[in-house]
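In what follows, every heavy atom counts, from backbone to side chain, and hydrogens, waters and symmetry copies are set aside.
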Amino acid sequence: AQSVTQPDIHITVSEGASLELRCNYSYGATPYLFWYVQSPGQGLQLLLKYFSGDTLVQGIKGFEAEFKRSQSSFNLRKPSVHWSDAAEYFCAVGESTGGFKTIFGAGTRLFVKA
Amino acid sequence: DGGITQSPKYLFRKEGQNVTLSCEQNLNHDAMYWYRQDPGQGLRLIYYSQIVNDFQKGDIAEGYSVSREKKESFPLTVTSAQKNPTAFYLCASNGGLRKPQHFGDGTRLSIL
């Protein structure tokens, strides 16, 4: 079965510092990969997605992610974090068995310190 | 603007009571989903529907029921059989195989 692992439950970074959130997936074929962000008490918003092609994907709010098939990873990065980036981040993989579904990781909560 | 509307935002349930969470979308999406979110557990799939009048159980369907009589609507009923219903419930829709999911703003259900 497909799965998504986000090894870090929470991460704290200083404002202005760089950020990398880790994501590993388990999927037999070429995966459909997503990163979502969730602010407290709200739904999820799509940051970026990867289906095929260029392995470095640009998203909204200055985020990017790199697909590495050899490592089964899809890590999210941002060169300079802003206080407003504090939120929970979810990596997800789409699967098409029995209808199209999305499998979510457990999430990484990002704290930003001044 | 197109989107997903969940109501109510907060809901309280008494012991032995069924409650229904509303989810409406105007995105013309065929597929709709219900997730439960608990702290530290990410999103767990309750039910999903790929087309009107059809739906499938997800990973944690016990104690829940759904209907899909209209393309725009996918209500979730939390029955009295669900012994631990306190959670944040998210509804989502999807426009196709290579499309991301769109989410509502959620309903927080608590027990009185």
Item to check | Residues of residues 105-114 of chain A contacting chain B, heavy-atom criterion under 4.5 Å, by residue number | outcome: G105(A), A106(A)
Next on the checklist: Is it the case that the ring center of Y48(B) lies less than 6.0 angstrom away from the ring center of F100(A)?
Outcome noted: no
Next on the checklist: Please identify, among Q45(A), Q38(A), E88(A), the residue contributing the most non-hydrogen atom pairs under 4.5 Å to chain B.
Outcome noted: Q38(A)
Heavy-atom pair with the smallest gap, counting every atom of [X] and [Y]:
X	Y	result
T102(A)	Y35(B)	O-OH, 3.9 Å
Q42(A)	L90(B)	O-CD2, 4.4 Å
P100(B)	K49(A)	CD-CD, 4.2 Å
K99(B)	F51(A)	N-CZ, 4.1 Å
K101(A)	Y33(B)	CA-CE2, 4.2 Å

For [X], I'd like to know if atom [atom1] has over 12 heavy atoms of other residues, nucleotides or ligands within 6.0 Å.
X	atom1	result
L56(A)	CG	yes
K9(B)	NZ	yes
Q58(A)	CD	yes
I9(A)	CD1	no
H82(A)	NE2	yes

Checklist outcome for this item: Okay, Q37(B) and chain A: the region with an atom under 4.5 Å from a heavy atom over there is side chain
Checklist entry - Side chain, backbone, both or neither: which part of L45(B) has a heavy atom under 4.5 Å from chain A? => result side chain
Next on the checklist: Within this structure, what is the CG-CD distance for the pair L46(A) and Q101(B), rounded to the nearest 0.5 Å?
Outcome noted: 10.5 Å
Checklist entry - So which part of Q6(A) gets closer than 4.5 Å to some heavy atom of chain B, the side chain, the backbone, both or neither? => result neither
With a 4.5 Å cut-off on side-chain heavy-atom distances among I, L, V, M, F, W and Y, is there a chain of contacts connecting [X] to [Y]?
X	Y	result
F90(A)	W34(B)	no
L76(B)	V19(B)	yes
L43(B)	V66(B)	no
L44(A)	Y32(A)	yes
Y89(A)	F74(A)	yes

Item to check | Partner chain A: residue of N94(B), I4(B), D59(B) with the largest heavy-atom pair count (under 4.5 Å) | outcome: N94(B)
